[in-house]
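Note sheet for the following structure.
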Amino acid sequence: MASSIEEARRRYIEERPSYEILAKRVELALLRRLAEAHIPCSVESRAKTVSSFVKKTLTTTYGDIWEEMPDKAGARVIFEHSGDLELGIQIARELFPDSKLENERFEEGFEQRLSYPKTHLHVRVLDKELNPDYMSCEIQLRTAAEDLWSRMSHALLYKPSAPSSPVVRRSLYRLLALVELYDAEVERAMTDMTSNPAFEESQLLHSTEALYHEFVASDYRLALSQEIIPVLLELIDKPIIAYTETLEEFSKSNRPKLAEFFREYGPESASGLSGQNILATQPECIIIFEIISRKPEALRAKWEENQLPEDWLSELSGSWGIHL
C-alpha cells in the first residue's frame, strides 16, 4: 500500500496543474450557467494541495487511490438560501449530465451525525487538452449558513492534532441546529414574500429607482409609482430579475439622452417645479421609455385599458421625441 500511495503522490504532483485548470473551468461553467438562471451565489474552486491529497490517502481506504479519490479538483457553490440550493442542484446536473449526486439529506441515520447534510456532485470530465484520461472533480453545493458552520467545524474538528472535547462537539451540535433553523426560516420568509403580488412591483420599482438616482438627486411620489408600476408590469414578459438587466442596458445605451431629458424635464427643472409633465419626475419614466422603444402600441392600449390620464403618457412620450 505504501508504494501505491507514493506512486499516487508523485503522479498527483505531476498532474496537479491540470487539475487546477479543470477546477477553474468547472467554476466558470457553473458561474455562467447560474448567472443565466439569475440565481445569486458565489463559486470558488481549487485543486487539492499535495499535503491534503497524501493525508486523505492515509486516512481513507481505497481500492484504487487514483480512480476512487473524487475531489482532486473541487468547486464549491454557496447559495443564499435552500430554495436556490435546490434549483442550483438541478442546473448543475443539467450542466454535467453524467455526474453522480451524493445527497446525505436522504440517508438513513444521518440525523445522528455531527455534520450538515452534504450535497456533492461527482463529475468526470474528459478534456484531452489537459489529460488523455478522464479527470474527476467534486462540486459541493451548500447554503451560506451551512458553509459558515462547515468552515468552523472543520477548523475545530479536523485541523487540531488532538481529539476535540465533548464541550466542542456539543457546541457544534447546538450551532448546527441553529443553522438548520436559520435556513428553514429564511426559506419560509422567501416563500411568503415572493408569493405576495406586490413583490414583483417592489422589485421593479427598486430597480428603476436605482437608475433614476444616477440622473437626479430628488425624491418622487411613491403613491404615483404604485399606481403606474402594476400597469407597466403587465407589459414585461420576463422575470423581473432578468428585466432589470434589460433596463440597465437601456439606460446605459441611452445615457446622454436620459441625462438631457432629466435636465430639461426632471424634478429640478422649470418644467418639473411647475408640476408639468408629471411622469418626467418619476423613476418609472425610464421603464416607460424602454417599453416605448419595443411596443408603443401595446403601451398605449394598456394605458387606456387601465384608464390612466392620457395627457400623462402623451406629455412624457412627446418630451422623449415619440408621439403616441
Side-chain angles (χ1 to χ4, degrees), residues 26-46 71 74-96 99-107 110-111 113-123 137-156 171-210 233 236 238-248:
V26 170
E27 174 192 339
L28 294 176
L30 287 165
L31 267 175
R32 187 162 47 246
R33 184 63 191 89
L34 290 164
E36 288 171 357
H38 304 288
I39 297 178
C41 63
S42 63
V43 186
E44 55 193 43
S45 64
R46 59 95 181 110
D71 61 342
R76 180 177 296 143
V77 190
I78 302 168
F79 299 93
E80 292 182 355
H81 59 91
S82 55
D84 283 347
L85 171 62
E86 295 304 321
L87 288 173
I89 292 170
Q90 294 177 28
I91 288 170
R93 297 192 76 178
E94 291 169 2
L95 185 60
F96 301 102
S99 59
K100 180 182 177 182
L101 178 65
E102 176 189 1
N103 193 337
E104 289 185 341
R105 284 172 172 80
F106 307 111
E107 288 187 7
F110 171 76
E111 69 282 358
R113 301 181 217 163
L114 179 53
S115 176
Y116 74 95
K118 290 188 295 187
T119 304
H120 292 174
L121 205 60
H122 300 290
V123 175
C137 180
E138 180 182 87
I139 302 170
Q140 301 177 357
L141 304 106
R142 56 177 70 155
T143 66
E146 288 174 341
D147 184 66
L148 180 64
W149 186 90
S150 176
R151 292 175 189 269
M152 178 57 67
S153 66
H154 193 72
L156 293 175
S171 296
L172 289 172
Y173 269 121
R174 294 168 68 190
L175 287 171
L176 184 58
L178 289 176
V179 165
E180 293 189 0
L181 180 62
Y182 174 87
D183 274 340
E185 288 304 305
V186 168
E187 183 59 24
R188 186 169 70 88
M190 288 295 298
T191 300
D192 181 75
M193 185 170 63
T194 55
S195 64
N196 187 328
F199 177 69
E200 283 196 332
E201 297 169 13
S202 176
Q203 275 190 309
L204 184 57
L205 179 57
H206 177 76
S207 298
T208 192
E209 179 191 81
L233 196 57
I236 297 171
K238 60 176 70 173
I240 295 304
I241 195 167
Y243 180 71
T244 295
E245 293 180 3
T246 298
L247 201 59
E248 289 172 351

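- Salt-bridge check for Arg151 with Glu44: passed, with a basic side-chain N closer than 4.0 Å to an acidic carboxylate O.
- Contact annotation: the side chain of Lys238 approaches that of Thr246 to within less than 4.5 Å [non-hydrogen atoms, C-beta and beyond].
- In this structure, Trp149 and Leu178 have side chains that are not in contact, with every pair of non-hydrogen atoms separated by 4.5 Å or more.
- By the 6.0 Å contact criterion, NE2 on His38 is enclosed, its count of non-hydrogen atoms from other residues, nucleotides or ligands being greater than 12.
- Rounding to the nearest 0.5 Å gives a distance of 5.0 Å between CG of Leu204 and CD1 of Ile240.
- Atoms NE2 and CD, on His120 and Glu102 in that order, are 6.0 Å from each other to the nearest 0.5 Å.
- Remark: the Asp183 side chain and the Ser82 side chain contain no N/O donor-acceptor pair separated by less than 3.5 Å.
- Separation of atoms OG1 (Thr143) and CD (Glu180) is listed at 10.0 Å; rounding is to 0.5 Å.
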Item to check | Derivation and outcome, side chain to side chain contact (heavy atoms under 4.5 Å, CB included), residues Val26 and Phe96 | outcome: CA-CA 10 Å; Val26 170; Phe96 301 102; 4.0 Å; yes

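- Using a 4.5 Å heavy-atom cutoff, the side chains of Arg46 and Asp71 are in contact.
- The CG atom of Leu101 lies 8.5 Å from the NE2 atom of His122; values are rounded to the nearest 0.5 Å.
- Considering CG of Leu85 and SG of Cys41, their distance stands at 10.5 Å, rounded to 0.5 Å.
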